[in-house]
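One structure below.
Chain A is the first sequence line, chain B the second, and so forth, proteins listed ahead of strands; every chain is numbered from 1.
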Number of protein chains: 4
Amino acid sequence: MKQKKPKYKQIIDAAVIVIAENGYHQAQVSKIAKQAGVADGTIYLYFKNKEDILVSLFQEKMGEFIEKIEVEIKSAETAAEKLYKLIKTHFSLLAADHHLAIVTQLELRQSNKELRLRINEVLKGYLNVVDKIIRTGIETGEFRDEIDTRLARQMIFGTIDEIVTTWVMNEQKYPLSEQTQKVHQLLINGFAKSN
Amino acid sequence: MKQKKPKYKQIIDAAVIVIAENGYHQAQVSKIAKQAGVADGTIYLYFKNKEDILVSLFQEKMGEFIEKIEVEIKSAETAAEKLYKLIKTHFSLLAADHHLAIVTQLELRQSNKELRLRINEVLKGYLNVVDKIIRTGIETGEFRDEIDTRLARQMIFGTIDEIVTTWVMNEQKYPLSEQTQKVHQLLINGFAKSN
Amino acid sequence: MKQKKPKYKQIIDAAVIVIAENGYHQAQVSKIAKQAGVADGTIYLYFKNKEDILVSLFQEKMGEFIEKIEVEIKSAETAAEKLYKLIKTHFSLLAADHHLAIVTQLELRQSNKELRLRINEVLKGYLNVVDKIIRTGIETGEFRDEIDTRLARQMIFGTIDEIVTTWVMNEQKYPLSEQTQKVHQLLINGFAKSN
Amino acid sequence: MKQKKPKYKQIIDAAVIVIAENGYHQAQVSKIAKQAGVADGTIYLYFKNKEDILVSLFQEKMGEFIEKIEVEIKSAETAAEKLYKLIKTHFSLLAADHHLAIVTQLELRQSNKELRLRINEVLKGYLNVVDKIIRTGIETGEFRDEIDTRLARQMIFGTIDEIVTTWVMNEQKYPLSEQTQKVHQLLINGFAKSN
DNA sequence: TATGAATGAGAGTTCATTCAT
DNA sequence: TATGAATGAACTCTCATTCAT
C-alpha cells in the first residue's frame, strides 16, 4: 500500500510542518490533511493510522539522513575523520531544516512508549553507522581496544543528541555547525590512545 | 500553601507508581487518588491541577537526587573523583527505584512542551552541579583548560542520560552500576590532559 | 457556516424538548444528541458549544415569533388593533407549543448572566415591534402624546411576560388566549386618551 | 433551629454581597462563609442547605420590604394613592440597596424551578398587598368593577418588575424613583373609570 | 482513488455537605 | 457551638477513524 507516490511524500512533509508549527499534541490528522491539500479520509489510503504517519515520517527522514552520512563517511580515511564527518553532517542536516529539527528533537519524543520503541527500531540504522566507526577505530588501532562499543556509541549519540536538543530548545540562536570541532575533540579524547 | 504534609508526599509517591505502571497517558487523576488512598477531590487540596502533581513530583525527586549527589561529591577530593561519584550515585539512585527510573526516563518526557520547560527548570539544579565539577577540574589543572564548559556538561549529561534510558528501555535487564567505571573512564579521557 | 440544514433544526427542536422535560440544568448535551438521533460529536459540527445551542434556539424561535407577529400586525389598522393582535399572537404561539413556553418562560432564565445578555440582544427585535406600535398610536392620536415610550413598552412586555409565566408555572391549567381581551383592555386604558 | 441570632443575619447579608458581586453561579458556600467570617461548617448550623440560605435571604428581605410598604400604604387614603406609595417605596427600597437589587432582579432568577417555586411562595405576601389595593379601589369605586383582580395584579407586578430589571441591567444609570409618577399614571389609567 | 460528514469513547475538576475534633 | 479537611458524583468536548458516495 505505502507506495512512494507523490501524495505519500506530500503527506509526510505536511506532517513535519504541522507538527513543527503546532506541536505534537496539536497535530490532528485533519490539520495534516489540510496542510497536504487532501481530504481527511485520503490520509488513510496511504497510511494505516496516525502512528503510521509518524513512524513513516521518521523512517523517510532518518533514511535520507543515514544515506547522506554514509556518503560523507566513505570519503574519510581514519575513524577519527569519519567521526568528524558524522558529527558535521548530523549538525548540518538539522541546521538546514529547522522544522525537522524541532520535530525529531522535541515533538516526536512526546509520543507514547510504544511509538518510541518503533522509532528506536529506525534509529538502529544510525547507531549501526556509529558502531561501525568505533569498530574501525579499534581495528586500525586509533582507539583503545578495551573500549566498550555500546558505551562508546551511547556516549557519541547521547552527546550529539543532547547538544542538538539544547540548541533547538534555545530556539536555534547560535550556529550549531561551529561546535563540530570541539565536540569531535572531546569525544575523540575519550577514545583515543594517549600518546 | 503546599506544605510537606504526609498526604502531599503520599500523593506524589502514588503518582510515581501509577505513571510507571500505566504510562503517562493512562495515569488519570482518579487512579492516582485511588493509589494514594484518598478521594479524587483531595488531590486538589494539595495540588493546583494535574500538571502541578507532575512538576511537584519532579521537583521533589530531583531535589532529593541533587542533595544526595552533593553529599557524595563533597567527600571527593579531585574533580575526577567527584565525577565518578556523580555517575555512581546517579546510576545507583535510579537502579534502586525502578518506578522512578521509568517515570523520569520515559514517561515524563511525553508531557507537552510547556510542562517539559518547567521540568527543565528543575533540571538546571543538576546541570549546575555538573558545571561546578568541570570548573573545579579546570581550575585544579586536572582538565584541559581549553574545554568548553557547556559542551562538556552536555557530553556528561547526554551520555549518562542516554545510557540510563537505554537501560530502562531494555527493561533494566543488566546491572547499571557496574558500568560506572567504564563510563567514567570514557568521559575523563575526553577532558583530562594527556600525559 | 451554520447553515439551516435539516440536522441544525433537528438539534434545536431536540433541545427544546429535552430542556422542557428535564429542566435547564439537567439538559446534558448527550441527552439532546440522543433526542435528536445523532451522536454527541455531531452536535459540535453544527454548534460551537452548548451555549451556542441555547442562543441559536432562542434566535430561531424568537425569529419565527417576531415574523408571525409582524404578519398579523400588518393587517391591523389602528394601534389598538395592532396591540390586540400582538397579545393574541403572543398568547397563541406559546399556548400552541407547551414545550417552548416552558423553555422560554422558565428554563432559559436560569442561564448565566452572559448568556442572558445574548438572549436579551435577540429580545430587542420583539421590543422594537412593541415600540413601533406605541409610536404609531401616538402619531395617529390614539394614545396620549405625553406617554413615555420606554415605560409603555416595559408595561406591555412586563404584563404579558408576567401573565404567561404565571400561566406556565400553574402548569398551563387555564386557557391563555381567552385573557387577550381583558389584558388588551387594561393596557389600552393605560395609554388611550379619555373621551 | 433557625434562630434570629446575629450570626444568622450575618450569613444572609454575606450571601447578598457575595451573590451580587460574584453572580449566582459563582456564589459558593465557602465564599459566603468567608465573607461572613465563619467556617464553612458553621453555615450548616444555621441553614439546612444552600437552597435554604437563598430562600431565607428572600424571606428576610421580602419581609422587611412588605413591612415597609404596608406602613407607607396605611397612611394613604385612596387606592390610587396607595398604589403610588407602593410603586414609590418599591423603587426607593431597591434604589437604596444596589446589592439587593442585583440579587433579586438578576441573580436569584437563575435558580432552578424548585427554588423559584419556593421564592414565589414568599412573593405571595407582596402580591396580596397588591390585591388588597385593587380590591379597595373597586370597592370604593375608584377602579372599574369589571376589572379582573388577577390580571390587574399581574399588570402591576409585571410592569414594576420589568422596569426595575431593565434599570438594574442598565447598571442603574438613571434615577429609578423619578419614574414613579409616570408609571403610576399608566397603571391608574388602566384601572380607573373614565370621566 | 478521493471525499468529508458522522461517530462515540473518555477524563479533569468543582463544590455542597459531613463529621471528628 | 465552631471548625475545616475530606469526600465523590457529575458532564462537556475532542479527534482518530469509517464508509457511503
Side-chain angles (χ1 to χ4, degrees), chain A residues 1 3 5 7-8 11 25-34 36-54, chain B residues 3 5-8 11 25-34 36-53, chain C residues 1 3 5-8 11 25-34 36-53, chain D residues 1 3 5-8 11 25-34 36-54:
Chain A
M1 218 53 45
Q3 297 159 43
K5 288 211 181 169
K7 222 160 253 186
Y8 172 80
I11 292 167
H25 290 292
Q26 280 308 304
Q28 294 87 349
V29 172
S30 61
K31 247 183 214 159
I32 295 172
K34 197 171 193 178
V38 300
D40 294 16
T42 307
I43 298 271
Y44 291 86
L45 299 175
Y46 295 90
F47 300 90
K48 227 178 73 215
N49 51 33
K50 188 180 178 181
E51 181 177 313
D52 190 30
I53 307 177
L54 304 174
Chain B
Q3 292 162 43
K5 288 199 186 173
K7 222 156 258 184
Y8 173 80
I11 291 166
H25 290 292
Q26 279 308 303
Q28 295 88 347
V29 172
S30 60
K31 251 183 213 159
I32 296 173
K34 198 169 193 179
V38 300
D40 292 18
T42 305
I43 300 271
Y44 292 87
L45 297 176
Y46 296 90
F47 300 90
K48 230 178 71 218
N49 50 34
K50 189 180 177 182
E51 179 176 315
D52 191 29
I53 307 177
Chain C
M1 291 348 108
Q3 295 163 41
K5 289 199 186 171
K7 223 156 258 184
Y8 173 80
I11 291 166
H25 290 293
Q26 279 308 303
Q28 295 88 346
V29 172
S30 60
K31 253 182 210 158
I32 296 173
K34 199 171 193 177
V38 300
D40 292 18
T42 305
I43 300 270
Y44 293 87
L45 297 177
Y46 296 90
F47 301 91
K48 230 178 70 217
N49 50 34
K50 189 180 177 181
E51 179 175 314
D52 191 30
I53 307 177
Chain D
M1 220 51 48
Q3 298 158 43
K5 289 210 182 170
K7 222 161 253 185
Y8 171 81
I11 291 166
H25 290 293
Q26 281 306 305
Q28 294 87 350
V29 172
S30 61
K31 248 183 214 158
I32 296 173
K34 198 172 192 177
V38 300
D40 294 16
T42 306
I43 299 270
Y44 292 87
L45 298 176
Y46 295 91
F47 300 90
K48 226 178 74 216
N49 51 32
K50 188 180 178 181
E51 183 176 312
D52 190 31
I53 306 176
L54 304 174

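- Between C:Thr42 and E:dT7, a side-chain N or O to OP1/OP2 separation shorter than 4.0 Å is present.
- The CG-C1' distance, from D:Asp40 to E:dC19, rounds to 14 Å in whole Å.
- For the residue pair C:Ile53 and C:Ile43, the shortest heavy atom distance occurs at CD1-CG2, 3.7 Å.
- F:dA20 is paired with E:dT3 under the criterion used here, namely a Watson-Crick or G-U wobble arrangement in which both key atom distances are under 3.5 Å.
- In this structure, B:Val29 reaches the bases: a heavy-atom distance under 4.0 Å links it to at least one base atom across the strands shown.
- In this structure, D:Gln26 and D:Lys31 approach most closely via the heavy-atom pair O-NZ, 2.9 Å.
- When the nucleotides F:dG8, E:dG12, E:dG4 are ranked by their closest atom to the side chain of B:Lys50, E:dG12 comes out on top.
- For C:Tyr44, no side-chain nitrogen or oxygen approaches OP1 or OP2 of E:dA6 to under 4.0 Å.
- Between A:Ala27 and A:Ile32, the shortest heavy-atom distance links the atoms O-CD1, 4.1 Å.
- For the atom pair NZ of C:Lys34 and CD of C:Gln28, the computed distance is 11.5 Å after rounding to the nearest 0.5 Å.
- A straight line from CG of B:Leu45 to P of E:dC15 spans 13 Å, rounded to a whole angstrom.
- At least one side-chain nitrogen or oxygen of B:Lys7 sits closer than 4.0 Å to the OP1 or OP2 atom of F:dA6.
- Between D:Lys34 and F:dG4 there is no side-chain N or O to OP1 or OP2 distance below 4.0 Å.
- Atom CD of A:Gln26 and atom C1' of F:dA16 are 14 Å apart (whole Å).
- Distance A:Lys48 NZ to F:dT17 C1': 13 Å, rounded to the nearest Å.
- Shown here for C:Tyr44 and C:Asn49, the closest heavy-atom pair between the two residues is CE2-CA, 3.9 Å.
- Rounded to an integer number of Å, the gap from C:Gln28 CD to E:dA11 P is 19 Å.
- Atom name C1', nucleotides F:dT21 and E:dT1: the rounded distance is 13 Å, in whole Å.
- Residue C:Val38 is the one, among C:Val38 and B:Ser30, whose nearest nucleotide of DNA chain E lies closer to the 5' end (criterion: closest heavy atom).
- Atom pair D:Asn49:CG and E:dT18:C1' shows a separation of 13 Å (rounding to whole Å applied).
- Taking atom NZ of residue C:Lys31 and atom P of nucleotide F:dA10, one finds them 11 Å apart after rounding to whole Å.
- Comparing B:Gly37 and C:His25 by the nucleotide of DNA chain F that holds the closest heavy atom to each, the one mapping nearer the 5' end is B:Gly37.
- One atom, CD1 of D:Ile43, and another, P of E:dT18, lie 13 Å apart when rounded to the nearest Å.
- OP1 or OP2 of F:dA5 has not a single side-chain nitrogen or oxygen of B:Tyr46 nearer than 4.0 Å.
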